[in-house]
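This one's a predicted model, so the numbers in the text were calculated from it and none came from an experiment.
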Amino acid sequence: MLIPRKVKHRKHFRGKMKGKSNRGQNLEFGSFGLKATGRGWLSSRQIEAARRAMTRKIKREGQVWIRVFPDKPITKQPNETGMGGGKGAVDHYVTVITPGRILFEMDGVSKELAKEAMSLANYKLPFKTKFIVK
């Protein structure tokens, strides 16, 4: 799973998820991509599940690029803990996704196979996406 090696601040604020993506909107590496049309948090487990689904479908032929990295720490209090006592410990890491962001890119396979692989990856993600071609 993806986690940052080092973080500037151990615990972050939750933040707002408004607006559209202002970077990562164009295909840079591959010919096919998966672009977010919804918004939300994408955890490192979800990224890994989508990557596995894609690479298994293309039978490790082409190349897959992951264009997002989970760098936002999410904290969680233990179960059955009373109110108060401060913020919980870091539980996992997420990346904030806004509409227009390219999540994955692929190259070296046919368009039909890439579309099927990206469709399988889409099922693993918590928001809507669309398949794009360069």
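Atom NZ of K59 has 12 or fewer heavy atoms from other residues, nucleotides or ligands within 6.0 Å. Under a cut-off of 6.0 angstrom, the local environment of NZ in K130 is sparse, with at most 12 non-hydrogen atoms contributed by other residues, nucleotides or ligands. The number of heavy atoms from other shown groups lying within 6.0 Å of NZ (K11) is above 12.
Between atom CD of residue Q63 and atom CD1 of residue I58 there is a gap of 9.0 Å, rounded to the nearest 0.5 Å. The distance from atom CZ of R10 to atom NZ of K87, rounded to the nearest 0.5 Å, is 10.0 Å. Note: E61 CD to M106 CE = 11.0 Å, rounded to the nearest 0.5 Å. We find the OG-CE distance between S43 and M1 to be 8.0 Å, quoted to the nearest 0.5 Å.
Across every non-hydrogen atom of G30 and E105, the tightest pair is N-OE1, 2.7 Å. Shown here for D71 and P73, the closest heavy-atom pair between the two residues is O-CD, 3.5 Å. Across every non-hydrogen atom of P4 and P70, the tightest pair is CD-O, 3.5 Å. Nearest heavy atom pair, residue T98 against residue M17, reads CG2-O, 4.4 Å. Shown here for Q77 and G88, the closest heavy-atom pair between the two residues is OE1-CA, 3.8 Å. The minimum heavy-atom distance between R14 and K72, with the atom names listed, is O-NZ, 2.9 Å.
Note on I47: it clusters hydrophobically with F69, by side-chain heavy-atom contacts below 4.5 Å among ILVMFWY residues. In the hydrophobic cluster analysis, where Ile, Leu, Val, Met, Phe, Trp and Tyr join through side-chain heavy atoms closer than 4.5 angstrom, L2 is grouped apart from I102. No chain of hydrophobic side-chain contacts below 4.5 Å, direct or via other Ile, Leu, Val, Met, Phe, Trp or Tyr residues, connects L125 to V94. Under the 4.5 Å side-chain contact rule for hydrophobic residues, L42 and F131 share a cluster. Under a hydrophobic-cluster definition in which Ile, Leu, Val, Met, Phe, Trp and Tyr are linked whenever side-chain heavy atoms come within less than 4.5 Å, directly or via other members, L113 and F32 are assigned to the same cluster.
In this structure, the side chains of R101 and K20 stay at 4.5 Å or more apart for every pair of heavy atoms. The side-chain heavy atoms of Y93 and H12, taken from C-beta on, include no pair separated by under 4.5 Å. Side-chain atoms of D91 and I74, non-hydrogen and from C-beta on, never get closer than 4.5 Å to each other. By the 4.5 Å heavy-atom criterion applied to side chains, P126 and Q46 are counted as neighbours.
M54 pairs with exactly one of V109, V64, I66 by the side chain to side chain contact (heavy atoms under 4.5 Å, CB included) rule, that one being V64.
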H92 vs R45, side-chain contact (heavy atoms from CB on, under 4.5 Å): CA-CA, chis, key distance, verdict = CA-CA 9 Å; H92 61 280; R45 289 175 184 267; over 6 Å; no
request  = Start with the C-alpha distance between L103 and I97, add both sets of side-chain angles, then the distance that settles side-chain contact (heavy atoms from CB on, under 4.5 Å), and finish with yes or no.
outcome  = CA-CA 9 Å; L103 306 173; I97 303 295; 3.6 Å; yes
ask   = Given the rule in the side-chain contact (heavy atoms from CB on, under 4.5 Å) test, do F29 and R67 qualify, once you have shown the distances and angles that lead to the verdict?
value = CA-CA 10 Å; F29 305 103; R67 294 282 309 273; 3.6 Å; yes
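The side chain to side chain donor-acceptor pair (under 3.5 Å) check on E48 picks up R51, with sequence neighbours excluded.
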